[in-house]
Each structure stands twice: as structure tokens, then as C-alpha cells.
Amino acid sequence: MRWWDIDSVLELEKDLFPEDAWSRGMFWSELAHARGAEATRRYLVAEADGAEPGSGVRVIGYAGLATTGDQADIQTIAVARDHWGTGLGSTLLTELLSAASEFECAEVMLECRVDNVRAQKLYERFGFAPIGFRRGYYQPGNVDALVMRLTTDPDSSSAAGSTSVQGTEIHD
């Protein structure tokens, strides 16, 4: 993800997370730590050709990871509704887990809305296990977060479910 992707990402963000969408400033802040020798973030966008001829490409998904020391935290994964069930969420998660490996992280954490069963099932397929709750984490809706963790093992393939989505380009 680059600064010029933010407007498209914000549109998708507001559609998918209307109550607790990230702001432009939050994305700018994260991207400020995603480049250079001291980078601690990896943000990706997935693009596909627009539905209408001549409409160019559109952002159909995005994902972000933050690291500190040997721990990574998945900040966000989002997929446009018309691409649900295509494997794009798995592809984005695979890319984030690869990034966590590149950052030499021993574990990956995330928070997921307790009412987002679709996301929970995705994370469980990749080996994430629930470890607790954060009450009222998502505001202003006061929705609890399920905290999940994946402990990486250098001798195993945590991202074994690697997939790709035809016609989709993912880049950071």
C-alpha cells in the first residue's frame, strides 16, 4: 500500500467497518513505518480490473501487519464484499504471515470482532488459536474482540494454505 491507495482503501474501509473505520491519519501513520531499513510495518493492497470496461483497476482488498521485536500483530484484513469467498482473504493472510517471517517474528497476534465468524474461521484454518477477549474493544459499538495467536515454528509452514486469486494483483 502506498499513499495514493489511501482514498480507495478508505472507501472500502467505510463500507466494511462503518462504525469503527480507520481514519486517513491512521493509515498515513502506519505507512510512515512501512518503508526503509527500519520498517516495522507491511501494508498490502489487492487490485483487480474494474467491473466496467475502461474503469481501470480498483482496490478489492487490503491488509496490514505491525511488528515489535519478535512479535507481529495483524492490524487489518479487508476484502470487498463482491470478492468474499474467492480466497482473497487467505491470500492476504498468507502474505502477512510471510512478512512476519521476514521480520523474524516468533508469534503473530490479532483481534477479531466476536461477531465476525467468517474471519475467525479463516484465522483458525491458518492455525490461530483464541487466547482471550478484549471487552468493548471496537468502539463506538462496544463490541468485544476475540484475541487470537499463532506461534510460528521455523521448521513448519504456518502459511500452508497459500492461494492466489486469478486476475488480482497484490503489492505493498
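Just so you know, these numbers come straight off a predicted model, no measurement behind them.
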By the definition side-chain contact (heavy atoms from CB on, under 4.5 Å), identify the one residue from T76, L44, L92, V79 that meets it with Y62. T76
Does the side chain of V9 come within less than 4.5 Å of Y43's, by heavy atoms? no
In the structure I gave you, are the side-chain heavy atoms of D73 and E111 within less than 4.5 Å of one another anywhere? yes
Gap separating the CD atom of E124 from the SG atom of C112, nearest 0.5 angstrom: 9.0 Å
Does the side chain of T40 come within less than 4.5 Å of T68's, by heavy atoms? no
Closest approach of A34 to A39 (non-hydrogen atoms, all atoms of both residues): C-CB, 3.8 Å
So, is the end of the R24 side chain (NZ or CZ) under 6.0 Å from the ring centre of F27 and within 45° of the ring's axis? no
Identify whether F128 and V114 are in the same connected component of the hydrophobic contact network (ILVMFWY, side-chain heavy atoms under 4.5 Å). yes
Who passes side chain to side chain donor-acceptor pair (under 3.5 Å) against E107, sequence neighbours left out? Q71
Give the minimum heavy-atom separation between L16 and A78, together with the two atoms involved. CD1-CB, 3.7 Å
Is there a side chain to side chain contact (heavy atoms under 4.5 Å, CB included) between I131 and M109? Walk through the geometry before answering. CA-CA 10 Å; I131 61 169; M109 307 287 292; 3.4 Å; yes
Quick one: closest heavy-atom pair of A72 and T67, and the distance? CB-CG2, 4.0 Å
Within a strict 4.5 Å, meaning less than it, do heavy atoms of the E47 and S8 side chains meet? no
Between R81 (side chain only) and D15 (backbone N and O only), is there a donor and an acceptor less than 3.5 Å apart? yes
Before you tell me yes or no, could you show the steps for F126 and L150 under side chain to side chain contact (heavy atoms under 4.5 Å, CB included), namely the whole-Å CA-CA distance, both residues' side-chain angles and the distance that decides it to 0.1 Å? CA-CA 8 Å; F126 277 78; L150 173 67; 5.5 Å; no
Give a yes or no answer on whether the side chain of E13 reaches the backbone of W22 with a donor-acceptor pair at less than 3.5 Å. yes
Residues in side-chain contact (heavy atoms from CB on, under 4.5 Å) contact with R118, at least two apart in sequence or another chain: W84, N116
Of the non-hydrogen atoms in A46 and L88, which two are nearest, and what is the gap between them? CB-CD1, 3.8 Å
Does the pair L96 and V108 meet the rule for a side chain to side chain contact (heavy atoms under 4.5 Å, CB included), with working shown? CA-CA 10 Å; L96 292 183; V108 181; over 6 Å; no
Indicate if I60 and W4 have the same hydrophobic cluster label, given that clusters are the connected sets of ILVMFWY residues with side-chain heavy-atom separations under 4.5 angstrom. yes
Minimal heavy-atom distance between A99 and L65, with the atoms involved, is CB-CD2, 3.9 Å
Does L110 form a side chain to side chain contact (heavy atoms under 4.5 Å, CB included) with I77? I'd like the steps, not just the answer. CA-CA 10 Å; L110 62 84; I77 295 180; over 6 Å; no
Any donor and acceptor pair, going by atom type alone, linking the side chain of Q120 with main-chain N or O of R113 inside 3.5 Å? yes
Same cluster or not: are Y138 and F17 linked, directly or through other Ile, Leu, Val, Met, Phe, Trp or Tyr residues, by side-chain heavy atoms under 4.5 angstrom apart? yes
Side chain to side chain, F133 and L146, heavy atoms closer than 4.5 Å: yes
Answer whether the closest heavy-atom distance between the side chains of D20 and V143 falls below 4.5 Å. no
Can you confirm whether M1 sits close enough to E30 that some side-chain heavy atom of one is under 4.5 Å from a side-chain heavy atom of the other? no
Between L93 and Y123, is there a side-chain heavy-atom distance shorter than 4.5 Å? yes
For the side chain of D49 and the backbone of V57, is there at least one donor-acceptor N/O pair under 3.5 Å apart? no
Output yes when a side-chain donor or acceptor of T94 lies under 3.5 Å from a complementary backbone atom of S90, and no otherwise. yes
